[in-house]
Amino acid sequence: QVQLVESGGALVQAGGSLRLSCAPSGSIFSINFMGWYRQAPGKQRELVAIITSGGSTNYADSVKGRFTISRDNAKNTWYLQMNSLKPEDTAVYYCYAETAGEPWPYWGQGTQVTVSS
């Protein structure tokens, strides 16, 4: 079965940058939305950023101006560039995709981002 494979999580100092990557392990057709969620321990999972198949983007207010979501159509891969990281960005980040033909979204297993003070 097709899985989302994500990478790039790390321990980083406040003010630093990371880039997360996500791609299906196989072919996924008719992707409508690609994005990233995050969840800190004891907190509800929240949407960080999303990009549509047409290239439109949306961001959580807390990351606007600092994070950028992008996609590489040739590689069927999407990214989250995270700049000016803050300790409150610490969470497990999950990549995400919705397709036209599936009733439930695809999820990655998560990658840990830890921002130290």
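Note that the structure is predicted; figures quoted are calculated from it, not measured.
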Q | From CG (Asn83) to CG (Leu18), nearest 0.5 Å | A | 9.5 Å
Q | Greater than 12 external heavy atoms within 6.0 Å of Gln13's CD | A | no
(Q) For Leu4 and Tyr94: C-alpha separation, side-chain torsions, deciding distance, then whether side chain to side chain contact (heavy atoms under 4.5 Å, CB included) applies. (A) CA-CA 9 Å; Leu4 300 184; Tyr94 298 89; over 6 Å; no
Q: Determine whether Thr90 and Gln112 make a side-chain contact, defined as any pair of heavy atoms from C-beta on separated by less than 4.5 Å.
A: yes
Q: May I ask you to decide if Ala91's main-chain N or O and Gln39's side chain share a donor-acceptor pair within less than 3.5 Å?
A: no
Q | Joint cluster assignment, Ile50 & Leu80, ILVMFWY side-chain distance < 4.5 Å | A | no
Q: Check for a donor-acceptor pair, side chain of Tyr59 on one end and backbone N or O of Ile69 on the other, with a separation under 3.5 Å.
A: yes
**Q.** Common cluster, Val5/Tyr79, ILVMFWY with side-chain heavy-atom separation under 4.5 Å
**A.** no
Show every donor-acceptor pair shorter than 3.5 Å between a side-chain atom in residues 20-38 and any protein atom, with sequence neighbours excluded, or say none if there are none.
from	atom 1	to	atom 2	distance (Å)
Ser25	OG	Gln3	N	2.9
Ser25	OG	Gln3	O	3.3
Arg38	NE	Glu46	OE2	2.8
Arg38	NH1	Asp89	OD1	3.0
Arg38	NH1	Tyr93	OH	2.9
Arg38	NH2	Glu46	OE2	3.3
Arg38	NH2	Ser62	OG	3.4

**Q.** Heavy-atom closest pair, residues Gln81 and Ser17
**A.** NE2-CB, 4.0 Å
Q. For Lys64 and Asp61, which heavy atoms make the closest approach, and how far apart are they?
A. NZ-OD1, 3.1 Å
Q. Do Val113 and Val92 belong to the same hydrophobic cluster, where Ile, Leu, Val, Met, Phe, Trp and Tyr are linked whenever their side-chain heavy atoms lie under 4.5 Å apart, directly or via other members?
A. no
(Q) Tell me the closest heavy-atom pair linking Arg66 and Leu85, and the distance in Å. (A) NH1-CA, 3.9 Å
Q) Leu47 and Tyr106: same hydrophobic cluster, using ILVMFWY side-chain contacts below 4.5 Å? A) no
